[in-house]
Amino acid sequence: MQRSRILPPLILGLCLGVIAPPVVAQQPEITARQDDARTIKEYRVNGKLYAIEIMPRDGSAYYLVDDDGDGNFEHSDSADLEVPDWVTGD
């Protein structure tokens with residue numbers, strides 16, 4: 001009895017697009033290269049470069065991040081590399 005009450009609104013919601021699909025976090029494509037003094041990792045989603053991680057052989061890693069898509073990368077010491085909205089189009 002309970003099932004018959006829930007099923008029609010559920011079907012209607014699906015037909016009208018009321019029930020949103022689950023949000024799937026996009027995983028970045030990471031390209032790494034190494035030279036004599038450091039390792040460089042580039043982070044991309046949908047082909048768009050949004051962060052660069054630089055790991056010197058002697059020293060702490062740091063990051064260059066383009067938060068707003070203007071092509072200007074800003075220095076950051078934080079390893080929190082969330083994909084910015086401009087990359088995903090959200």
Side-chain angles (χ1 to χ4, degrees):
M1 183 90 170
Q2 186 80 1
R3 181 183 286 175
S4 64
R5 289 184 181 169
I6 295 173
L7 196 54
L10 180 62
I11 293 171
L12 180 62
L14 288 171
C15 292
L16 296 175
V18 173
I19 299 175
V23 176
V24 178
Q26 292 188 317
Q27 295 298 316
E29 176 184 327
I30 302 171
T31 305
R33 65 180 188 269
Q34 189 165 354
D35 63 23
D36 293 334
R38 62 187 176 190
T39 299
I40 299 170
K41 292 183 179 179
E42 297 177 345
Y43 294 77
R44 290 182 172 81
V45 169
N46 298 329
K48 298 174 184 174
L49 177 66
Y50 68 91
I52 302 168
E53 178 181 5
I54 301 168
M55 296 176 290
R57 181 183 309 156
D58 301 321
S60 299
Y62 62 94
Y63 306 86
L64 302 174
V65 182
D66 183 1
D67 285 324
D68 55 12
D70 64 359
N72 292 322
F73 287 78
E74 297 175 14
H75 182 274
S76 173
D77 291 321
S78 173
D80 182 24
L81 295 178
E82 292 185 21
V83 179
D85 290 341
W86 70 267
V87 174
T88 60
D90 293 341

*Testing Lys48, Glu29, Glu53 for side-chain hydrogen bond (donor to acceptor under 3.5 Å, both in side chains) with Tyr43, which one passes?*
Glu53
*Counting only heavy atoms not in Lys41, do more than 12 sit closer than 6.0 Å to its NZ atom?*
no
*Are side-chain heavy atoms of Trp86 and Asp70 found at a separation under 4.5 Å?*
no
*If you measure from CG on Asp67 to CG on Asp85, what distance do you get to the nearest 0.5 Å?*
10.5 Å
*Are Ile30 and Val83 linked, directly or through other ILVMFWY residues, by side chains that come within less than 4.5 angstrom of each other?*
yes
_As an exercise, state the distance from CG of Asp58 to CZ of Arg38, rounded to the nearest 0.5 Å._
13.5 Å
*Which pair of non-hydrogen atoms, one from Pro56 and one from Ala61, has the smallest distance, and what is that distance?*
CD-CA, 4.2 Å
*So which heavy atom on Tyr63 is nearest to which on Ser78, and how close?*
CD1-O, 3.1 Å
*Provide the closest heavy-atom pair for Val65 versus Leu81 in the form atom of the first, atom of the second, distance.*
CG2-CD2, 4.0 Å
*Below 4.5 Å, heavy atoms only, C-beta onward: do Leu64 and Ile54 meet side chain to side chain?*
yes
*When rounded to the nearest 0.5 angstrom, what distance separates OG1 in Thr39 from CZ in Arg33?*
10.5 Å
*Measuring from Tyr50:OH to Asp66:CG, what's the distance to the nearest 0.5 Å?*
11.5 Å
*Locate the shortest heavy-atom distance separating Phe73 from Ala51; write the atom from each residue and the value.*
CE2-N, 4.1 Å
